[in-house]
Amino acid sequence: MSNSLRVTIWNEYRHERSDPRVAAVYPDGIHVALANSLAAAGYTVRTATLDEPEHGLTEAVLAETDVLTWWGHMAHGEVSDEIVARVHQRVLEGMGLVVLHSGHFSKIFKRLMGTTCDLKWREIGERERLWVVAPGHPIVEGIGEYFEIPQEEMYGEFFDIPAPDELVLVSWFQGGEVFRSGCCYHRGQGKIFYFRPGHETYPSYHQPEVQRIIANGVRWAAPVERPSLAFGHRPEPIEELIEL
Ligand code: ZN
């Protein structure tokens, strides 16, 4: 695993400050829990939150970010369109994006997907069983044929997303629903990984399998060294054309 990847962990950071049940699970915020596990995986991490100037996502921060992770829920509408456009441009240029849980409704994910990204949900603490459906995929390296989260919020199909370029994980919930919970996309030069677990009242981001998949997802989404994309009129052919 590369040790040089620069990861910016973005978190809305509202539930943790307003709901004692959430603060009990993530006393320093979801971003700090994720930062600790990604730092332990060997990445160079920084965090950014909604209430910082420019949501912590300045041009300079994004220029130094290889992969951005995104957790938001109650304040998607407060994320400025200007910052969303900035993140979108960086993704098209090659920055990786890992969208977590309720980030399915974030402005940036909906913009990249072009669909409503809506789904069914229920919060009664059901068991979730996540099945690996792409066993050769780097995002599930180190994961068995399935793993379980003892209690989670249910997300159910239909999940209104474009068909993923690669589907890596499918969840089953105790109440009967299923969900595409690990989805990979390519947009421009950028890669996007959506990973479902992480409701704020459950300790899912403390669970080793969840941490491993996020770390693997960051590595998968990392940019590759390439020249930037070129488009437009090409008057000069690459090869000399010979008239017969
Ligand atoms: Zn949730």
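Numbers here are sequence positions counted from 1. Note that the structure is a prediction, hence the values are computed from the model and not measured. Counting starts at 1 for both ligands and their atoms, following the listed order.
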Within 45° of the axis and under 6.0 Å from the centre of the six-membered ring of F105, does NZ or CZ of K110 qualify? yes
Are the side chains of E123 and Y202 in contact, using a 4.5 Å heavy-atom criterion? yes
Taking 2.8 Å as the upper limit, name the protein N, O or S atoms near the Zn ion (ligand 1). H101 NE2, E153 OE1, H199 ND1
Given side chains that start at C-beta, do those of L68 and L57 come closer than 4.5 Å, heavy atoms only? yes
With a 4.0 Å cut-off on N to O distance, would you call R212 and E141 a salt bridge? yes
Should E93 and R90 count as an ion pair when the cut-off is N to O under 4.0 Å? yes
Heavy-atom nearest pair, A222 first then L5, reads CB-CD2, 3.5 Å
